[in-house]
Every structure is written in structure tokens, then in C-alpha cells.
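Scroll down for the structure; my scribbles are underneath it.
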Amino acid sequence: QVQLVESGGGLVQAGGSLRLSCAASGRTFSGYVMGWFRQAPGKEREFVASISWISSTYYADSVKGRFTISRDNAKNTVYLQMNSLKLEDTAVYYCAASLGLAPVSDGNEYRTWGPGTQVTVSS
């Protein structure tokens with residue numbers, strides 16, 4: 001089973017950018033669909049973006065055009081570039097792995113989750 005650790009979170013002003021990373025270890029990275037989810041205080045976890053092994057991507061409408069998911073299979077790492085950040089992007093961001101072929105937004109399809117990294121957007 002793969003293990004996941006996120007990094008890159010922090011405090012940023014509205015309109016700014018951050019890049020999150022998720023490093024995978026313990027098992028080959030290949031064959032996993034990778035996803036990013038987030039959970040704000042008092043809210044349910046929500047889907048952000050997903051990427052297949054061959055880099056097909058899928059985004060939530062709320063981040064489309066602002067966030068970009070990518071992966072480096074040689075480094076066993078998936079990234080989330082976040083631009084034009086808004087106050088409502090404040091949340092704990094989680095990386096997750098799913099066995100499958102296509103990007104997927106349903107969190108129940110993901111078997112493995114990282115511990116999360118906090119992103120705070122200030123005005």
C-alpha cells in the first residue's frame with residue numbers, strides 16, 4: 001500500500017499562489033489515480049482535482065482555471081499549483097490515491113489518504 005505525505009501549505013494573501021506537493025512511498029506510484037481534496041472548518045470534505053497515471057485531469061468547477069494538478073511519476077509526486085487564491089480556498093488539503101484508470105471525484109473511491117496540509121488565505 002502506498003503512503004502519502006503532503007507539503008507546501010501555508011499562509012498566503014488573497015490573489016497569491018501556492019504549490020502543494022504529495023510524495024508517495026511504499027509501493028509503486030504507477031497505476032494510481034491521484035486526487036486532491038479539501039475540508040474547511042465546519043464543512044464537508046470536497047473534491048478539488050484528480051489526475052490519472054497518464055495525466056488525464058478533472059477539476060471541481062470552483063477551482064477550474066485557477067488550480068492545476070500534475071504529477072511526476074519518476075519522483076512519485078503529485079502537485080497542486082494554486083493561483084488566484086481566494087478566502088474560500090482556506091482549508092486543510094488532502095492528497096489521496098485510488099486504484100483505477102480515470103480521474104474520479106468521489107472520495108469513497110480513494111483508498112489511501114495523507115495527513116493533510118493547512119492552506120490559509122488572508123485578505
*Go through the steps to decide whether Asp61 and Lys64 satisfy the test salt bridge (Lys or Arg N to Asp or Glu O under 4.0 Å), and finish with yes or no.*
CA-CA 5 Å; Asp61 288 343; Lys64 202 173 295 182; 3.1 Å; yes

*Taking atom CG of Leu101 as the centre, does the number of heavy atoms from other residues, nucleotides or ligands within less than 6.0 Å exceed 12?*
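Not more than 12 within 6.0 Å, no.
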
*asked:* Take a 6.0 Å sphere around CD of Glu88 and say whether it holds more than 12 heavy atoms from other residues, nucleotides or ligands.
replied: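 Buried by this count: over 12 neighbours within 6.0 Å.
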
*Tyr93 six-ring face occupied by Arg38 cation (under 6.0 Å, within 45°)*: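 Ring-cation test returns no.
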
Transitively linked via ILVMFWY side-chain contacts under 4.5 Å: [X] with [Y]?
X     : Y     : result
Tyr79 : Val2  : no
Ile51 : Leu99 : yes
Val12 : Leu80 : yes
Leu87 : Met82 : yes

Shortest non-hydrogen separation from [X] to [Y] and the atoms involved:
X      : Y     : answer
Tyr59  : Ile69 : OH-N, 2.9 Å
Val104 : Ser98 : CG1-OG, 4.3 Å
Cys95  : Val78 : SG-CG1, 3.8 Å
Cys22  : Met34 : SG-CE, 4.4 Å

*Can you tell me how far CD of Gln81 sits from CG of Leu18, rounded to the nearest 0.5 angstrom?*
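Between Leu18 CG and Gln81 CD, I get 8.5 Å after rounding to 0.5 Å.
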
Side chain of [X], backbone of [Y]: donor and acceptor closer than 3.5 Å?
X     : Y      : answer
Tyr32 : Ala96  : no
Arg71 : Val33  : no
Ser50 : Ser105 : no

Validation: residues 111-123 side-chain donor-acceptor distances under 3.5 Å, sequence neighbours left out:
{"residue": "Thr112", "atom": "OG1", "partner": "Gln1", "partner atom": "NE2", "Å": "3.1"}
{"residue": "Trp113", "atom": "NE1", "partner": "Tyr110", "partner atom": "O", "Å": "3.4"}
{"residue": "Thr117", "atom": "OG1", "partner": "Gly9", "partner atom": "N", "Å": "3.3"}
{"residue": "Gln118", "atom": "NE2", "partner": "Ala91", "partner atom": "O", "Å": "3.4"}
{"residue": "Gln118", "atom": "NE2", "partner": "Thr120", "partner atom": "OG1", "Å": "3.3"}

*Sequence neighbours excluded, which residues qualify as side-chain hydrogen bond (donor to acceptor under 3.5 Å, both in side chains) partners of Lys43?*
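Applying side-chain hydrogen bond (donor to acceptor under 3.5 Å, both in side chains) to Lys43 gives none.
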
*Taking only residues two or more places apart in sequence or in another chain, which ones pass side-chain hydrogen bond (donor to acceptor under 3.5 Å, both in side chains) with Ser17?*
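In terms of side-chain hydrogen bond (donor to acceptor under 3.5 Å, both in side chains), with neighbours along the sequence ignored, Ser17 is linked to Asn83.
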
_Exactly one of Tyr94, Phe67, Phe37 should register a ring-ring contact (aromatic ring centres under 6.0 Å, His included) with Phe47. Which one does?_
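For Phe47, the ring-ring contact (aromatic ring centres under 6.0 Å, His included) test succeeds with only one of Tyr94, Phe67, Phe37, which is Phe37.
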
